Amino acid sequence: MLLDEAVYQSLPESKKALYLHQWLQGLPQVISDTPKAELKDKQKLLVGQLQAQLNAALGPPLRTALAQAFVTLYSMGDTFSLHDTIGKCCDIIRAREDVGVSSTNKLTCIECLGALFEHHGRMAGSLFLETMQLFLKALKVQEYRAEILNAMGCVVVGLGTSSSSVQKEIYKSIRTGLGDKSMLVRSAAAKCGIQLAKCSTFLYSQELDAISNSCLKALEGSNYEVRCSVAAFLGTLVSLTQKPLPPSLKGKLKLPSLEEALLILSNGFIRGASMFMKAGGADLLKTGTASREVRVGITQGYTTFLAEMGGAWAEKHLPSLISHVLDLAYHTRTTSTHIDAVYSRKCVSFILRFLCGKLLSESAQLIAAKHLCSLVCQRVAAVQGAESPVDPQGQSHSTFSSTSSSSSAAPEKATTILQHLLICSILEVSALVCTLNTAALPLVADENAVDGTGGVASKKAPPLLEALGVVLLHHSRGARLAGAWCLRCVGVALPSQLSRLLDFCLGLMRGSPGAVYGSAYGMAALMGTVRQSELGMPSAKAKELYQVALDLIHLSEDSENHTASRVQSGWSLLSAYISMGPTYVRAQVPALLALWKNFFPHSMKQLKEEQSKESLNSLTFLLEQRTGVLSAIVSFLRFCGDLVTPEIAKRLLLPLESALAMLSGFPALVKVHGVQLKASGTLLKLRLYQAFSLMSPAIFEGCLNTLLKELVMEFTLADNLANTTTSLLRSMCHPDDSILLGSWLEETDQQEVEEQLQPNSAAGSGALEHDPSCLYFHPFEGTRPPGPLPLGVAVIDAAIVLFGKAFPAVTVKHRQQLLGHFEDCIRQAKSARQQAIQINIFTAFLVALKNLVEVKSVLGQPELLSKAYGLIAVSV
């Protein structure tokens with residue numbers, strides 16, 4: 001139990017700290033196991049040894065261990081010396097540093113005081129005021145602020161309402177700490193605030209607006225720890241407003257209603273701290289927009305609030321809560337740009353998933369899914385049928401409006417903003433279907449409406465199919481794709497409903513020309529479920545879908561039907577059909593090979609003539625057609641690899657080489673026709689790179705040099721003015737190194753929303769509309785929908801993967817030239833662009849080295865190794 005001072009003094013200085021840590025770390029357990037009589041005999045000597053450590057230079061782990069040792073000693077033994085220990089700590093904190101007391105000693109005493117008051121505060125009540133005045137005075141020193149705020153929180157825990165005499169002073173310190181530049185101080189202030197809020201009603205009544213404003217300011221430029229602490233504080237404050245008051249305060253104190261309390265969170269999500277800056281006038285309130293850090297923090301605040309209120313309360317207020325949360329995505333300020341809309345949707349989906357996925361019982365989850373389906377139909381009908389301008393901020397639809405503005409947007413604009421609410425709603429229904437599994441059958445089963453006499457009056461459409469019928473017909477691409485993904489989730493959860501769902505989509509397609517796009521993607525998503533289902537698909541139904549795909553493809557060739565939707569729909573259906581596997585595709589292979597060949601020129605002469613004569617619209621249509629062909633080839637190579645013989649591989653190479661030749665002249669086409677052509681060309685590149693990645697380099701050896709040139713230009717940003725970086729760097733690094741790139745987020749509950757704040761990473765910007773092929777290519781994993789990255793990032797990722805696969809087939813001389821070119825690219829770039837190019841080049845090099853190991857090859861001669869070291873040195 002006692003420290004062996006003879007042994008301790010005999011140790012070298014480098015080992016004393018470890019010996020002391022081992023002693024302090026094990027002391028609480030030893031004290032607990034020691035008989036009280038023996039402890040009483042040794043307590044005085046032990047207290048002396050522990051008090052002596054207050055004057056030692058202890059690091060953070062030793063401070064915590066010393067504080068815990070004091071707490072355990074006074075819990076298990078006598079408390080006669082408690083006042084003496086507290087007095088010694090106060091004396092050290094009060095002492096000037098020029099009399100032999102260091103800042104480390106003061107930090108040790110602050111932590112010990114906090115721990116002692118937390119566990120033995122009632123016994124040390126007479127020293128409470130003296131200690132608190134000492135803390136408040138020491139707060140003026142920046143070095144001690146975080147530790148003092150932590151200690152104040154411990155004091156409040158220990159004394160509870162007995163600390164009322166200094167609660168106002170603590171509150172002022174918390175508000176000041178929330179605005180501190182130091183992230184540690186902000187986090188400590190928020191943690192202290194949580195403890196203060198639990199024992200002082202003024203914090204969540206009279207001072208609610210002021211402290212909420214301080215929390216929002218603390219979230220500006222915050223790090224992960226601060227966001228978690230401030231979100232917990234804000235969520236706790238809002239939850240306390242909805243809990244019953246103590247009997248003594250009933251009728252004397254007015255708390256905010258649920259609508260007013262949620263308005264604080266929603267306005268913070270939409271406007272940030274500017275919502276409280278009334279002195280700035282109306283103009284400031286019109287332009288105020290929350291930063292990403294604030295939105296992520298508020299998102300976590302919502303989950304804290306819901307967790308504090310519990311599942312029973314959430315079920316009672318479920319319709320209102322769902323409507324309120326969805327209105328966050330139905331606002332011009334949260335969806336002003338595409339990327340802002342994607343990030344806001346992720347935050348809203350995160351809150352909904354927590355509410356519906358973690359708090360609700362199975363029966364309540366089914367109710368939530370039906371309510372979401374009903375809400376989708378109501379909102380679309382309200383916007384489409386509005387005779388007057390519709391408020392895009394959702395005031396007319398939700399009990400909890402997030403704005404007081406009386407302005408309204410045109411119906412077209414409201415319809416555009418509505419897509420984000422629809423996407424969040426349908427994706428949450430998809431997640432609920434995955435969770436409920438077979439219990440989700442009532443969502444798609446027929447319901448009969450019964451009249452007053454007990455007879456069947458009418459046949460009512462199932463709630464989910466009714467909502468999907470609305471979403472798949474919506475003008476927004478994102479909403480249609482969300483509906484298609486929901487169909488895939490239903491197909492996985494209820495495989496017996498597959499044929500019925502396909503008939504539902506076919507009925508939509510044949511019922512309205514405008515339904516082609518949405519219903520085609522719905523059928524494509526359903527065909528993507530066949531690989532996971534033991535039931536498969538009836539051969540007659542598969543042949544019918546194959547014929548529908550061919551009809552759409554051939555119909556789009558007609559000049560009168562030149563529409564992107566028909567092109568994309570036809571090829572998506574065909575690609576999804578091929579993804580079902582060899583069983584369904586084997587008989588169609590000859591026809592498919594002939595079809596693919598017909599969409600590409602057979603010689604360079606035809607290609608040049610084609611490019612010189614075509615208009616912008618014709619070229620765009622041509623690129624869409626050929627992108628569709630390449631998508632089908634990718635599907636064939638990925639899911640029907642058993643059918644790819646050497647002869648078939650050779651025939652597949654012809655359209656790929658033609659597409660590569662077309663890309664070589666693509667920059668000249670962009671100069672002639674403008675940047676409108678660029679998106680279609682980039683998608684063609686992506687599909688081409690994906691197709692080559694699924695083939696052996698030996699097959700395309702003849703065009704390897706041309707291909708490498710395109711790949712290197714892609715990830716060195718030769719024709720790209722944006723500083724786009726790859727998303728693959730973290731996955732290519734060793735686990736011990738990847739933690740520096742944010743891999744630690746994978747171990748947190750907030751990964752889905754925190755990813756959007758990571759630098760040099762596009763992981764948080766994924767959305768279904770970036771790549772519709774994910775509906776049938778993406779493996780089905782849990783309740784989280786796929787998140788294809790933006791096209792600019794995806795094509796760089798694909799180029800890097802293909803470069804790594806092709807690198808082992810390159811000669812040593814060519815490898816040396818490539819490394820030299822990389823070094824030149826890094827040297828010539830400056831600032832942020834140089835960093836982006838470095839990230840892409842090093843990721844490509846890491847992928848190449850990984851592939852060299854897999855094929856059991858080596859990098860090359862010593863000269864090549866020297867070149868590789870030089871490439872690294874130029875970046876260090």
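Since this is a predicted model, take the numbers as computed values, not measurements.
Taking the six-membered ring where tryptophan is involved, the planes of Y577 and Y584 are perpendicular, since the angle between them exceeds 60° and thus also 30°. Classification of the F807-F845 ring pair by plane angle, with boundaries at 30° and 60°, yields perpendicular.
Within the 4.5 Å cutoff, the side chain of Y521 has heavy atoms near those of the P772 side chain. Within the 4.5 Å cutoff, side-chain heavy atoms of L643 are placed close to those of C640. Between H338 and H770, the closest side-chain pair of non-hydrogen atoms falls below 4.5 Å. Counting only heavy atoms from C-beta outward, the side chains of I796 and L717 approach each other to under 4.5 Å. Side-chain atoms of I841 and Q838, non-hydrogen and from C-beta on, never get closer than 4.5 Å to each other.
In summary, D771 and R687 engage in a salt bridge, as defined by a charged side-chain N under 4.0 Å from a carboxylate O. Salt-bridge annotation for R651 and E647: absent, with no side-chain N of the basic residue lying under 4.0 Å from a carboxylate O of the acidic one. The pair R295-E754 does not meet the salt-bridge criterion, since no charged nitrogen lies less than 4.0 angstrom from a carboxylate oxygen. A salt bridge is defined here as a Lys NZ or Arg NE, NH1 or NH2 lying under 4.0 Å from an Asp or Glu carboxylate O, and K346 with E752 fails to meet this definition.
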Item to check | salt bridge (charged side-chain N to carboxylate O under 4.0 Å, His left out) between K867 and E863, intermediate numbers included | outcome: CA-CA 6 Å; K867 204 71 176 176; E863 294 82 2; over 6 Å; no
Item to check | Criterion salt bridge (charged side-chain N to carboxylate O under 4.0 Å, His left out) on R345 and E769, from CA distance to verdict | outcome: CA-CA 13 Å; R345 282 180 351 216; E769 55 262 47; 3.1 Å; yes
Item to check | CA sep, side-chain torsions, deciding dist, call: Q532, R488, side chain to side chain donor-acceptor pair (under 3.5 Å) | outcome: CA-CA 11 Å; Q532 299 170 259; R488 179 169 179 181; 3.1 Å; yes
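For the atom pair CG of L819 and NE2 of H814, the computed distance is 10.5 Å after rounding to the nearest 0.5 Å. In this structure, CZ in F700 is found 12.0 Å from OG1 in T706, a value given to the nearest 0.5 Å. Between L871 atom CG and F842 atom CZ the span is 4.5 Å, to the nearest 0.5 Å. Distance check: L683 CG to K685 NZ gives 11.5 Å after rounding to the nearest 0.5 Å. One finds the CD atom of E293 at 10.0 Å from the CG atom of N223 (value rounded to the nearest 0.5 Å).
In this structure, N598 has no side-chain contact (heavy atoms from CB on, under 4.5 Å) partners at least two apart in sequence or on a different chain. With sequence neighbours left out, the ring-ring contact (aromatic ring centres under 6.0 Å, His included) criterion links Y689 to no other residue. Here F350 pairs with nothing under the ring-ring contact (aromatic ring centres under 6.0 Å, His included) rule; sequence neighbours left out.
Side-chain contact annotation: S635 with S575, donor-acceptor N/O pair under 3.5 Å absent. A donor and an acceptor atom, one from each side chain of Q625 and W571, are located under 3.5 Å apart. Side chains of N840 and T726: a donor-acceptor N/O pair is absent below 3.5 angstrom, by distance only. Between the side chains of Y517 and R477, at least one donor N or O sits under 3.5 Å from an acceptor N or O.
Between A431 and R353, the shortest heavy-atom contact is CB-NE, 3.4 Å. Nearest heavy-atom pair, V793 versus L789, reported as atom, atom and distance to 0.1 Å: CG1-CD1, 3.8 Å. Here the shortest heavy-atom pairing between A549 and G570 reads CB-O, 3.8 Å. The minimum heavy-atom distance linking S857 with R815 is given by the pair OG-NH2, 4.4 Å.
Remark: R292 is not positioned above the aromatic ring of Y343, lacking an NZ or CZ atom under 6.0 angstrom from the ring centre and at most 45 degrees off the axis.
Between the side chain of T724 and the main chain of G792, no donor-acceptor pair closer than 3.5 Å is present.
The environment of L721 atom CG is sparse: at most 12 non-hydrogen atoms of other residues, nucleotides or ligands sit within 6.0 angstrom.
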